[in-house]
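The chain is numbered in sequence order, starting from 1.
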Amino acid sequence: MKAIRRFTVRPLLPEPLRPLSDLSRNLRWSWHAETRDLFQSVDPERWALCDGDPVRLLGSVRPARLAELAEDRRFLRRLAAAADDLHDYRTGDRWYQEQPASAGLPAAIAYFSPEFGVTAALPQYSGGLGILAGDHLKAASDLGVPLIGVGLLYRHGYFRQTLSREGWQQEHYPVLDPNELPVTLLREDDGAPARVSLALPGGKRLHARVWLAQVGRVPLLMLDSDVEENDLGERGVTDRLYGGGSEHRLLQEMLLGIGGVRAVRTYCRLTGHARPEVFHTNEGHAGFLGLERIAELADEGLDFDAALEAVRAGTVFTTHTPVPAGIDRFDRALVARHFGPDAELPRMDVDRILRLGMETYPGGEPNLFNMAVMGLRLAQRANGVSLLHGHVSREMFSGLWPGFDPDEVPITSVTNGVHAPTWVAPEVLRLGARQIGAERAEDALSVGGSERWDAVADIPDQDIWELRRDLREQLVVEVRERLRASWRQRGAGTAELGWIDGVLDPDVLTIGFARRVPSYKRLTLMLRDRDRLKDLLLHPERPIQIVVAGKAHPADDGGKRLVQELVRFTDDPRVRHRIVFLPDYGMAMAQKLYPGCDIWLNNPLRPLEACGTSGMKAALNGCLNLSVLDGWWDEWFQPDFGWAIPTADGAGTDPDHRDDVEAAALYDLLEQRITPRFYERGQAGLPDRWIEMVRRTLGLLGPKVLAGRMVREYVERLYTPAAHAHRTMAPDTARELARWKQQVRASWHAVRVDHVETSVATTTAELGTALALRVRVGLGDLTPDDVEVQAVSGRVDEEDRITDASTVPLKPTGGPDLEGRWVYEGPLSLDRTGPFGYTVRILPSHRLLASGAELGLVEVPSEEAAEGAGVLLR
Ligand SMILES: *Cc1c(COP(=O)(O)O)cnc(C)c1O
């Protein structure tokens, strides 16, 4: 019989056990092994049945057992210690509190993301973006950064994956009851649930309540539209992560951005938390937050342009993908319908909103509203997520800053990191702790500081190798369990599954490959030459074994075909003991997988992997990387840390040929370099050179890949400058800047370089010579206060493009003449040998701009004007 209504009946904890409730609701347990050990000892069997989820454990443990524990002095002592520890963690000074007041750090930062992967017990993520967001919150908590996370609570989260008998991906959407999740409802002072609501076209409203997940010191607010005041359609707005059609997505993103700001305001009002000075949007999905803040300022009397300046000053936008399909683009008409007098933000000019998302560059679609483009326009500071991705993003979005070289596009990069206490296996941590002391090991992981990591160099070979084997063996056990469950699910009987006991071998070189399955990640590259792969798997002395996992997006049949192709290969009785596909990749599996592998494989189409983080998590466990030089690996690869798969990514390479070339390179590396090194034995019977690579990966790469390093960079390079800009931008200042920008835009047509001349007009010159440069410019209505005239010089390529430009501002020395022209002068030093060139240009200049390219305006000499410049080539 089916129940018509379900409830969650909570246990009443005996008074002495009350602290367990707080401990279960602060997700710090997810990265704090001692707290988890405490919960495990409540009821080890149930702990396993509940997949290590304290809330579920407490909801199901027998009252008799609770009564017993309430009398158990040893348990109560441990409980008190854990509760004290959490209290100290939440209230003590950490890195952020130790920064000098003069640094002017932000009072608070709101961090918006469509998904958060904090723990498997709160499944609100699909992949890397969400897990990065979870790691960002945890690292912020460890560092004491006053962050407020903002997201949605999806009733079904992302889907769970199983396989059909034929290896076709099946999706399941289990219902998540918030009452069974580690979240609490945000309530008004009178106990009523706090509400935010949005106006919808046609006079309807979208209501949401706000759940609060406590991530150490950091609150995470999650909006949930499944409330009774909503109509059925609106209740479903937060049903699934990345599901549904375009309008559904738009409503989710409006709720996240606009509703999210309202939720932050409510949270600060109710708790007294400092109001955020900086708003950070993790990818473009939450971009509407900027509109809500413009509307707030409009209520305080600022016009749109001034409010835009004020909002931009305190906004940081992180772009995460160079893949166009990864960027949200909505039909303009759809967006138009959801804003304006009959919908949300009624007093805001809809046309102004639409212009923010317009693709105003060659090849842009006039009828689409682009969330990344809006993100860039609403944020004064933007970044990609690795050095290479920063470069790719500047190229990709350079159309928004016409006239500027991609290098000057104001998008920087902060390379991602991973939260070590979450991702480092307890066994690895214990070895580190034995070497340098428990407290220092914990510090080294969360806060960084490379001197602590030096101690890794002293860990004996034997210990490292035993650890590696131990982790590999645990993985073998885990794989067999998961594989057996998957085959049962696929319809196999126990009698058919005896072979699973022989799957994988704890002494064979183990390779992991697990990630989402968009085509650019090339799940099936390893199958390119099946015979070669079989030879590697079945090699008589130096075999390899491979564990593969990954979910295809439910709407991506191409991805599902790749999964099926791989599953079918792994089903083959000749190889199935050496290669497995595990369904339902997620955080719980990932935490076992990375430590147990010797090699982490990554073969995306370069440069489409913006950063990638799974390889970082693997590295922190002493697993070596084997990867295309993309994302973070392009930045930090060293032969000591693993291997680079050579790429054939030159222009015009046919994709099929490219796959062939890169797959062959992969097989070659495995056959000739990797397997020999793993299986060779030195004097003590150990693979010395392999162990040395593990040691260097742990000790030298480890400290770089930490989320603590990443969050510190965000604080120092983006949040703090944004907070300063925000404070400077008082209403009058914002009005002044907006007026100035309007005036500059209106007058720019009259700005030009009239004439350029130098003291020498030859085609050769000697190193160290300084030329006197004299430039006449027309500024129209503008004055030298509004612009900077620069000399730009450097080495030039065959097409006379300046490749390594350095810029020097010139000084106004005379003017204006009767025609409004000014003379600028300055030295130009020939500081490089070889082909050298220069030009001059005029940029808008104002003390409140974060970059000279900010307005996308620049004026360079016409050919006529350049005539007197002398040609300084060759
Ligand atoms: C780290 C992680 C990812 C991201 O991996 P990539 O390297 O970005 O492909 C995806 N899913 C899970 C479960 C992870 O833990």
message = Looking at Met587, is its backbone amide N or carbonyl O close enough to the side chain of Tyr125 to form a donor-acceptor pair, meaning the two atoms are under 3.5 Å apart?
response = yes
request  = Check whether any side-chain N or O of Asn625 sits under 3.5 Å from a backbone N or O of Ser627 as a donor-acceptor pair, and report yes or no.
outcome  = no
Ignoring hydrogens and angles, state whether a donor on the side chain of [X] or [Y] is under 3.5 Å from an acceptor on the partner side chain.
| X | Y | result |
| --- | --- | --- |
| Thr238 | Gln252 | no |
| Gln161 | Asp584 | no |
| Gln474 | Glu427 | yes |
| His389 | Ser386 | no |
| Trp600 | Ser614 | yes |
| Thr675 | His539 | no |
| His320 | Glu283 | no |

ask   = Who pairs with Asp656 by side chain to side chain donor-acceptor pair (under 3.5 Å), at least two apart in sequence or on another chain?
value = Arg528
Would you confirm whether the ring centroid of [Y] sits within less than 6.0 angstrom of the ring centroid of [X]?
| X | Y | value |
| --- | --- | --- |
| His577 | Trp499 | no |
| Tyr714 | His280 | yes |
| Trp636 | Phe641 | no |

I'd like to know if [X] pairs up with [Y] as an ion pair, taking the criterion as any Lys NZ or Arg NE/NH1/NH2 lying under 4.0 Å from an Asp or Glu carboxylate oxygen.
| X | Y | answer |
| --- | --- | --- |
| Glu166 | Arg490 | no |
| Arg606 | Asp634 | yes |
| Arg578 | Asp572 | no |

query = Is it the case that more than 12 heavy atoms not belonging to Arg480 sit under 6.0 Å from its CZ atom?
reply = yes
